[in-house]
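Chain letters run A, B, ... following the sequence lines, proteins first, then strands; residues in each count from 1. Every value quoted in this text rests on a predicted model; they were computed, and no experiment measured them.
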There are 2 protein chains.
Amino acid sequence: MFYYQLIMRKCAFYGNCKICCCEKTPSLFSKLTVSEFEELHSERKEVVFKAGEVIFKQGTTLTHLACFRSGMAKVYYERPEGSNILINLIVPGNLTGNMGLYTDNVHHQTIQALTDVEICLISIKDIEGLLGRSEEMAVELIKLKNENIIVLTNKLASLTYKSMSGRVADVLLYLQKDIYQSDTFTLSLSRQDLADLGAMTKESFIRTLKEFKDAGIIKIKANLVEIINLKALVKISNN
Amino acid sequence: MFYYQLIMRKCAFYGNCKICCCEKTPSLFSKLTVSEFEELHSERKEVVFKAGEVIFKQGTTLTHLACFRSGMAKVYYERPEGSNILINLIVPGNLTGNMGLYTDNVHHQTIQALTDVEICLISIKDIEGLLGRSEEMAVELIKLKNENIIVLTNKLASLTYKSMSGRVADVLLYLQKDIYQSDTFTLSLSRQDLADLGAMTKESFIRTLKEFKDAGIIKIKANLVEIINLKALVKISNN
DNA sequence: CCTTCTTATTGATATATATCAATAGTGCTG
DNA sequence: CAGCACTATTGATATATATCAATAAGAAGG
């Protein structure tokens with residue numbers, strides 16, 4: 001019996017592990033048998049990080065992989081020259097920190113909590129051990145990687161070929177669709193973080209936001225954002 | 001016995017298959033047994049494309065994966081609005097066209113020959129069949145994917161945070177290090193292609209190239225490029 | 001070898017975006 | 001609740017880069 005079948009029937013069986021296993025597709029763990037899952041589950045470490053704390057630091061050894069159970073974090077790439085580029089946000093159900101797997105065993109990004117965060121840490125050794133036996137899990141990981149690459153390619157296209165307003169629209173659409181899954185949301189990010197997501201200065205981001213506000217496309221009051229005209233936003237995104 | 005051990009001893013055994021199997025690390029095929037390799041090898045299709053021909057078209061069904069044996073191709077992402085973003089170049093030993101694997105089975109990029117090109121086409125069915133049995137190959141693919149992601153992240157950082165001269169320097173360093181592996185090379189790419197690699201207009205690229213030429217960092221005459229001062233180029237790349 | 005077409009180069013100008021600076025708001029701490 | 005520090009906002013200006021236009025240089029074809 002597969003773990004996901006078990007958990008579908010007895011949802012509370014593994015507490016909120018179902019967030020990491022069943023609520024996102026593809027999930028690294030959905031195809032594991034109960035005993036395979038138990039291997040990982042029994043060895044996991046539940047950890048709580050406070051807002052602002054660094055979960056993984058770029059350049060340090062990759063020993064664990066994080067499964068997000070609650071809260072929000074930002075993933076950024078620290079450039080040698082000092083500036084940071086914000087790659088994406090992490091929300092419950094996401095898996096992160098495995099870019100160095102099978103390559104140099106080093107973290108290639110820094111992950112920092114934006115709110116208080118609950119995660120499970122799973123040892124890379126356990127993951128590698130299981131990957132060496134479970135083709136199912138390896139295939140799921142390949143699937144995840146391919147999705148990562150597709151998302152990154154889209155981001156590359158957005159950031160390099162769109163004008164500022166298109167990029168701001170993309171940031172708002174990303175928050176609405178992938179992060180908060182609602183037209184109304186309270187930001188856990190600073191204006192600087194938002195600007196970093198869109199690869200521009202915070203002044204430019206704020207100005208563009210104001211244009212959208214003046215045009216009646218969004219409402220924004222401090223950190224409370226409401227998207228009024230989604231279609232207009234999509235249109236701006238598409239130039 | 002692994003295939004790569006066999007081929008190390010009898011290099012001509014499989015013709016120039018060693019380009020795809022042994023000369024790049026990681027290689028998807030290096031950990032296969034002889035019989036596993038034979039499965040793929042016997043079913044492969046050797047194809048020649050002429051310069052300018054499209055090998056894979058973005059949006060079409062993913063049926064085969066291409067192993068490059070000779071020549072050069074460009075990989076670009078076609079944006080809905082019409083403009084193209086040049087992601088990277090493909091040279092012998094590279095594997096390409098598997099971003100849609102296990103996801104939507106669609107090509108997410110267009111691959112076009114820049115010179116005459118010899119490739120082997122391997123059916124996705126064969127790859128998937130073997131991936132379902134060989135954890136070794138799955139691990140190699142994960143490794144490849146992770147390297148792809150690391151490279152893409154660097155590219156994202158380069159293209160979004162560097163000024164024009166830094167990006168032109170990056171393009172030249174990419175050609176020198178990853179593509180031609182020489183300080184002197186004859187370009188198979190147009191100025192427009194080079195500009196696309198650096199995410200700028202061809203006029204801007206040409207102007208920056210002229211600056212480098214005037215500063216004695218490179219020599220350039222039509223398509224013949226010589227890098228005179230590599231250190232200066234690296235310094236410009238690092239801002 | 002001349003004509004035609006494409007690609008490359010150079011120059012002048014426009015424009016988007018960053019930078020710098022000043023002000024306003026927000027939240028924390030004694 | 002006053003004062004300080006940090007973040008957000010707005011405005012003025014500078015600058016990098018794109019755009020447009022004109023010319024030059026190659027490449028292809030009769």
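For Arg44(B), the salt bridge (charged side-chain N to carboxylate O under 4.0 Å, His left out) partners are Glu46(B), not counting sequence neighbours. For Asp183(A), the side chain to side chain donor-acceptor pair (under 3.5 Å) partners are Gln176(A), not counting sequence neighbours. Here Thr160(A) pairs with nothing under the side chain to side chain donor-acceptor pair (under 3.5 Å) rule; sequence neighbours left out. When the salt bridge (charged side-chain N to carboxylate O under 4.0 Å, His left out) test is applied to Lys74(A), the partners found at least two apart in sequence or on another chain are Asp193(A). Residues forming a side chain to side chain donor-acceptor pair (under 3.5 Å) with Arg191(B) (at least two apart in sequence, or on another chain): Asn223(B). Residues meeting the side-chain contact (heavy atoms from CB on, under 4.5 Å) test with Val54(A), sequence neighbours left out: Lys57(A), Thr110(A), Gln112(A). Residues passing the side chain to side chain donor-acceptor pair (under 3.5 Å) test with Asp104(B) are His108(B), sequence neighbours excluded.
Between Asn154(A) and Ile150(A) there is a side-chain heavy-atom pair separated by less than 4.5 Å. Using a 4.5 Å heavy-atom threshold, the side chains of Lys155(B) and Asp170(B) count as separate. With contacts defined as side-chain heavy-atom distances shorter than 4.5 Å, the pair Thr63(B)/Ile124(B) does not qualify. Looking at heavy atoms from C-beta onward, Leu65(B) lies in side-chain contact with Leu95(B) at the 4.5 angstrom threshold.
In this structure, a donor-acceptor pair under 3.5 Å is absent between the side chains of Asn146(A) and Thr103(B). A donor and an acceptor atom, one from each side chain of Asn98(B) and Lys145(B), are located under 3.5 Å apart.
In the region residues 154-165 of chain B, proximity to DNA chain D at under 4.0 angstrom, judged on heavy atoms, holds for Ser163(B), Met164(B). Residues from residues 213-224 of chain A with heavy atoms under 4.0 angstrom of DNA chain C: there are none. DNA chain D is contacted by Met200(B), Thr201(B), Glu203(B), Ser204(B), Arg207(B) of residues 193-209 of chain B, taking any non-hydrogen atom closer than 4.0 Å.
Expressed to the nearest 0.5 Å, how far OH of Tyr77(A) lies from CG of Leu156(B) amounts to 10.0 Å. Atoms OG and OH, from Ser237(A) and Tyr174(A) in turn, are 14.5 Å apart once rounded to the nearest 0.5 Å.
Taking five base pairs at each end of the helix from dC1(C)-dG30(D) to dG30(C)-dC1(D) and finding the rotation axis that steps the C1' atoms of four pairs onto the next four gives two axes whose angle is 40°, to the nearest 10°.
Note that the first and last nucleotides of DNA chain C, 5' to 3', having any atom under 4.0 angstrom from a heavy atom of chain B are dA8(C) to dA12(C).
Per the geometry, CG belonging to Leu189(A) stands 15 Å off C1' belonging to dA8(D), to the nearest Å.
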